[in-house]
Amino acid sequence: MSSDHSNLTLAAEMIDDAQSIVILTGAGVSAESGLATFRDPEEGHWSKYDPMELATVHAFNKDPELVTRWYHWRFTRARNVEPNPGHYAIGALQKHKSNADQALTLITQNVDGLHQRGGASDVVELHGTIHTWRCTKTGKQRPLTELSFDTFPIPSDDGGLMRPCIVWFGESLPEDALQRSFQAMAECDLFISIGTSGTVEPAASFILAAKENGAKTIEINRDPTPNTGIVDVALQGASGVILPQILTEIGIEYPTP
Ligand code: APR
């Protein structure tokens, strides 16, 4: 038996035994749906723009048309792709744990809404969501579906501009999402990091915080990260492959969309 296989079995046992799990996900979980991660090269027209430079208040203030068009492209793309087996596996595991009166808190840095479409509920969206927009003047929120994207930037009804409810570089994270994250990390006995490079704070430190609270730790990632050396079990590979294998190992019926 290869060490990868025994590590997978070990991870499955840890997940099966855990009473309270926190899963933290990043862009890697959506990669197999066809959404590029932040650190992989983009294709097409927008590839010449650096997401780290567009996703800022400074960029929006300087060129709201450009930033709004970029987000229009991003959400159109997110809407046109489907959740992948990794999303469905997390949704199924959460339901399985809930039926057994156990907890699984899902914290994501993704803004694409694919976890919810893959069956997960009560998702802590640490970096906000692309599906809700707000007025720069009043903060009044509106669902994306109510906005018409025929002019760029989009004027709000109150004389401001509409922007996505996403946490841009340099902005504070939503207080309630942070509070829920720290509460869940204080209570969890297993922390699983999936598809995140572990380079953007505060999520990058979550694994360490959970470890200090006595939780066991697992990482599932295509590439090694700064956290790979400190977790109890590191599984290297695609989350859309590894997560369904773990579910099969535990004996949880794998959901087909
Ligand atoms: N399965 C698992 N992991 C994958 C897969 C896959 N199919 N494809 C890519 N990965 C891994 C990459 O190896 C990388 O380590 O996912 C990670 C994605 O890293 P980032 O692009 O840095 O995404 P993330 O960690 O979510 O970034 C955090 O940074 O740019 C900001 O706000 C943005 O929320 C984002 C935050």
Side-chain angles (χ1 to χ4, degrees), residues 4 7-8 11 22-43 46-47 49-60 67 70-71 74-75 77-78 81-90 106-115 118 123-131 163-174 177-178 181 191-208 217-231 233-247:
D4 265 5
N7 267 348
L8 191 115
V22 169
I23 291 182
L24 170 70
T25 65
V29 168
S30 294
E32 287 153 89
S33 291
L35 300 181
T37 67
F38 287 87
R39 274 147 267 273
D40 279 336
E42 196 60 79
E43 284 173 6
W46 291 102
S47 60
Y49 296 96
D50 179 356
M52 320 272 180
E53 281 170 24
L54 288 184
T56 67
V57 180
H58 175 72
F60 184 77
V67 174
W70 182 61
Y71 277 107
R74 286 183 74 88
F75 83 68
R77 212 174 47 148
V81 301
E82 297 300 324
N84 68 59
H87 295 112
Y88 288 115
I90 292 172
L106 175 58
I107 306 171
T108 189
Q109 299 164 89
N110 300 344
V111 298
D112 54 33
L114 286 174
H115 277 305
V123 183
V124 181
E125 294 181 303
L126 211 51
H127 291 175
T129 171
I130 207 162
H131 297 283
R163 60 156 282 182
C165 289
I166 285 177
V167 180
W168 282 335
F169 289 102
E171 291 188 315
S172 316
L173 271 61
L178 264 182
S181 300
F191 183 95
I192 312 173
S193 170
I194 310 175
T196 174
S197 58
T199 52
V200 176
E201 292 295 350
S205 308
F206 281 8
I207 206 156
L208 220 53
T217 50
I218 297 173
E219 180 183 71
I220 301 170
N221 214 70
R222 190 192 62 190
D223 306 300
T225 77
N227 289 323
T228 305
I230 64 159
V231 293
V233 176
L235 295 171
Q236 198 172 336
S239 48
V241 174
I242 292 178
L243 286 165
Q245 286 173 344
I246 289 177
L247 257 63

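For the numbers below, each heavy atom of this structure counts, side chains included, while hydrogens, waters and symmetry mates do not. If you read the sequence from its start, that first residue is 1, and numbering goes on from there. We count ligands from 1, going down the list as the structure has it; atoms in each ligand are counted the same way. As the structure is a computational prediction, the values presented were derived from the model and not from experiment.
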Using a strict cut-off of 4.0 Å, indicate which atoms of ligand 1 neighbour a heavy atom of [X].
| X | value |
| --- | --- |
| Gly237 | 1 (N), 2 (C) |
| Asp223 | 12 (C), 13 (O) |
| Glu32 | 1 (N), 6 (C), 7 (N) |
| His127 | 32 (O), 34 (O), 35 (C), 36 (C) |
| Ala27 | 23 (O), 24 (P), 26 (O) |
| Ala31 | 8 (N) |
| Gly26 | 26 (O) |

Taking distance alone, with no angle check, do [X] and ligand 1 share an N/O pair under 3.5 Å?
| X | value |
| --- | --- |
| Gln109 | yes |
| Gly195 | yes |
| Asn110 | no |
| Thr199 | no |

ask   = Do Phe60 and Trp168 have their ring centres less than 6.0 Å from each other?
value =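 So the answer is yes for these two rings.
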message = Whether the Thr108 and Thr25 side chains hold a donor-acceptor pair (N or O, under 3.5 Å, no angle test) is what I'd like checked.
response =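 Thr108 vs Thr25: donor-acceptor pair found between side chains.
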message = Hydrogens and angles aside, do Glu219 and Thr228 bring a side-chain donor and acceptor to less than 3.5 Å of each other?
response =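 Thr228 and Glu219 do have a side-chain donor-acceptor pair below 3.5 Å.
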query = Is it true that Glu82 and Arg77 make a salt bridge, defined as a side-chain N closer than 4.0 Å to a carboxylate O?
reply =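 Between Arg77 and Glu82 there is no salt bridge, as every charged N stays at least 4.0 Å from the carboxylate O atoms.
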From [X] [atom1] over to [Y] [atom2], what is the distance, rounded to the nearest 0.5 angstrom?
| X | Y | atom1 | atom2 | result |
| --- | --- | --- | --- | --- |
| Arg74 | Trp46 | CZ | CH2 | 10.5 Å |
| Thr129 | Ile166 | OG1 | CD1 | 7.0 Å |
| Phe191 | Leu24 | CZ | CG | 4.5 Å |
| Ile220 | Leu235 | CD1 | CG | 5.5 Å |

Under-4.0 Å heavy-atom contact with ligand 1, by part of Thr196 that carries it =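 Both of them.
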